[in-house]
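First up is the structure itself, then whatever we jot down about it.
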Amino acid sequence: MSKGLHRFAVLVACATFFLIIAGANVTSHDAGLATSDWPLSNGSLFPKMVGNLFWEHGHRMVATGVGILTIVFNLYVWEIDIRLAGLLKRVFGRVQAEHDYRRERRSWMRWFAFSALGVVIAQGLLGGLTVKLNLPLAVSAAHATLAQLFFLITVSLAVFTSKGWREHEARIAEDGGPSVRSLGVVALIAILAQLVLGATLRHSATWDQDLPTSLLLAHLGGALIVTLILGFTITSVLLRYRSEKYLATPALLAAVLLGAQLGLGLAAYITRVRSPYDPQPLTPMVALTVAHVACGALVFATTIVLTLRAFRVLRTDSQEYALAAA
């Protein structure tokens with residue numbers, strides 16, 4: 001595997017995280033309809049970045065950048081190493097199967113990267129639809145949810161191209177306790193459901209309106225469920241595999257982020273409750289709600305890394321396998 005490919009995968013994942021932050025700023029500033037046209041903004045590719053147009057058009061520019069990076073990443077993944085192929089042709093007089101000389105030789109990995117391209121295109125079209133339809137709740141929430149799914153793909157790509165993924169194998173037998181792999185999957189599902197609830201809650205009311213009580217209570221209940229499931233997963237990893245840094249490191253990071261996320265959620269709620277009485281979206285409310293969204297994405301990312309690594313290095317006595325072998 002190419003080091004450059006892994007670094008580029010990390011770049012795409014980081015750019016996607018920045019895009020999530022940019023999108024959160026659009027929602028917190030209530031800037032989704034700063035311009036009513038799409039893909040242009042006020043009929044221009046580069047309008048004056050003033051007022052809420054700064055946040056909305058800035059979000060579109062970041063999204064375009066992520067799309068371009070995803071295209072380049074796919075070109076990188078599918079590229080044939082011309083120098084290697086040329087050398088072999090000079091030495092042996094012919095070149096073997098084309099896929100043997102690609103920078104990424106795993107076919108499943110190339111198609112997984114291609115799926116990222118499909119998702120980012122769908123995400124862009126869905127973003128345009130939210131503007132054209134004047135921000136309907138269902139479409140806006142779907143747009144935010146698909147962003148998290150795309151983040152899941154990009155983080156996974158970074159894991160699959162890493163040196164650690166290549167060097168580790170299913171060598172640690174899980175004991176008789178609950179399967180860490182299964183716990184990780186359940187935690188990911190719970191976190192994704194909570195992210196969907198959070199996106200729906202944020203898009204259900206603008207800053208000058210009260211949050212719907214039913215959605216707010218559902219989001220609070222989801223926070224409790226995520227805390228219990230992820231907390232149990234983290235505890236299981238640290239108690240049973242604390243000497244295995246490949247698993248312990250993301251588990252510790254997830255624990256720290258989970259604690260920070262709970263604190264940010266409380267702070268964001270306090271400032272959001274006060275915002276209907278403010279003359280405009282104020283900086284404390286905007287900063288805390290955006291930070292809450294960003295930290296939620298980081299909790300999701302670290303849980304993705306933890307779960308994938310668990311599938312990579314852990315095995316059961318009844319069935320020994322590693323997820324997506326290199």
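The main-chain N or O of V26 is never found under 3.5 Å from a side-chain atom of D30 such that the two would form a donor-acceptor pair. The main-chain N or O of A158 is found under 3.5 Å from a side-chain atom of H6 such that the two form a donor-acceptor pair. The closest donor-acceptor contact from the side chain of R309 to the backbone of L306 lies at 3.5 Å or more, if one exists at all. In terms of modelled atom types and a separation under 3.5 Å, the side chain of R272 and the main chain of D210 share no donor-acceptor contact.
By the rule that hydrophobic residues join a cluster once side-chain heavy atoms approach within less than 4.5 Å of another member, I225 and L220 end up as members of separate clusters. Hydrophobic clustering of Ile, Leu, Val, Met, Phe, Trp and Tyr side chains at less than 4.5 Å, counting indirect connections, unites L195 with F18. Taking hydrophobic clusters as Ile, Leu, Val, Met, Phe, Trp and Tyr residues chained together by side-chain heavy-atom distances below 4.5 Å, F73 shares a cluster with F150. A single hydrophobic cluster is seen to contain both V120 and I153, as judged by linkage of ILVMFWY side chains at heavy-atom distances under 4.5 Å, directly or through other members. Cluster membership check: L40 shares its hydrophobic cluster with F46, using side-chain heavy-atom separations under 4.5 Å among Ile, Leu, Val, Met, Phe, Trp and Tyr.
In this structure, R312 is positioned above the aromatic face of W165, its NZ or CZ under 6.0 Å from the six-membered ring centre and within 45° of the axis.
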Go through the steps to decide whether L117 and F114 satisfy the test side chain to side chain contact (heavy atoms under 4.5 Å, CB included), and finish with yes or no.
CA-CA 5 Å; L117 181 59; F114 189 72; 4.2 Å; yes

Report the C-alpha distance between S41 and H57 in whole Å, list the side-chain angles of each, state the deciding distance to 0.1 Å, and finish with yes or no for side-chain hydrogen bond (donor to acceptor under 3.5 Å, both in side chains).
CA-CA 7 Å; S41 295; H57 190 70; 2.7 Å; yes

Is there a side chain to side chain contact (heavy atoms under 4.5 Å, CB included) between W55 and N52? Walk through the geometry before answering.
CA-CA 5 Å; W55 301 109; N52 277 345; 3.9 Å; yes

Step by step, work out the side-chain hydrogen bond (donor to acceptor under 3.5 Å, both in side chains) result for N42 and T35.
CA-CA 6 Å; N42 294 340; T35 176; 3.1 Å; yes

Given the rule in the side chain to side chain contact (heavy atoms under 4.5 Å, CB included) test, do D37 and V131 qualify, once you have shown the distances and angles that lead to the verdict?
CA-CA 7 Å; D37 56 344; V131 174; over 6 Å; no

Dump the intermediate steps for side chain to side chain contact (heavy atoms under 4.5 Å, CB included) on Q194 and H219, then the final yes or no.
CA-CA 7 Å; Q194 176 69 346; H219 190 55; 3.1 Å; yes

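Contact between M49 and F54 at its shortest, heavy atoms only, is CE-O, 3.6 Å. Nearest heavy atom pair, residue F17 against residue A294, reads CE1-O, 3.3 Å. Shown here for M285 and T271, the closest heavy-atom pair between the two residues is CA-OG1, 3.6 Å. Of all the heavy atoms in T303 and G184, the pair that sits closest is CG2-O, 4.3 Å. Here the closest non-hydrogen pair linking A34 and E56 is CB-CB, 4.0 Å. The nearest pair of heavy atoms linking A268 to H292 is CB-CB, 4.3 Å.
Under the 4.5 Å side-chain criterion, counting only non-hydrogen atoms from C-beta, L308 is in contact with F160. The shortest side-chain heavy-atom distance between R240 and L247 does not fall under the 4.5 Å cut-off. The closest side-chain heavy-atom distance from V196 to Q148 is not below 4.5 Å. Residues I21 and V293 fail the side-chain proximity criterion, which asks for heavy atoms closer than 4.5 Å. In this structure the side chain of W207 never reaches within 4.5 angstrom of the side chain of T289, judged on heavy atoms. Using a 4.5 Å heavy-atom threshold, the side chains of L314 and Y241 count as touching. Looking at L253 and L257, their side chains come closer than 4.5 Å, going by heavy atoms from C-beta outward. Taking the side chain as every heavy atom from C-beta outward, L188 and I304 approach each other to under 4.5 Å.
When each of V305, V155, I191, I20 is tested with F300 by the rule side chain to side chain contact (heavy atoms under 4.5 Å, CB included), just one qualifies, namely I191.
Heavy-atom neighbours of Y246 OH from other residues, nucleotides or ligands within 6.0 Å: above the threshold of 12. Heavy-atom neighbours of Y269 OH from other residues, nucleotides or ligands within 6.0 Å: at or below the threshold of 12.
Interatomic distance, L149 CG to Q123 CD, rounded to the nearest 0.5 Å: 9.0 Å. Separation of atoms CG (L201) and CG (L211) is listed at 5.0 Å; rounding is to 0.5 Å. Remark: L125 CG to K132 NZ distance equals 12.5 Å, nearest 0.5 Å. Remark: S275 OG to I270 CD1 distance equals 13.0 Å, nearest 0.5 Å. The SG atom of C14 lies 8.0 Å from the CZ atom of F151; values are rounded to the nearest 0.5 Å. Interatomic distance, CG of L192 versus CG of L152, reported as 7.5 Å (0.5 Å rounding).
Checked by atom type, the side-chain pair S140/H203 shows no donor-acceptor distance below 3.5 Å. No side-chain donor-acceptor contact under 3.5 Å links T161 and R166.
Between W78 and W111, the two ring planes are perpendicular [angle over 60°; tilted spans 30° to 60°].
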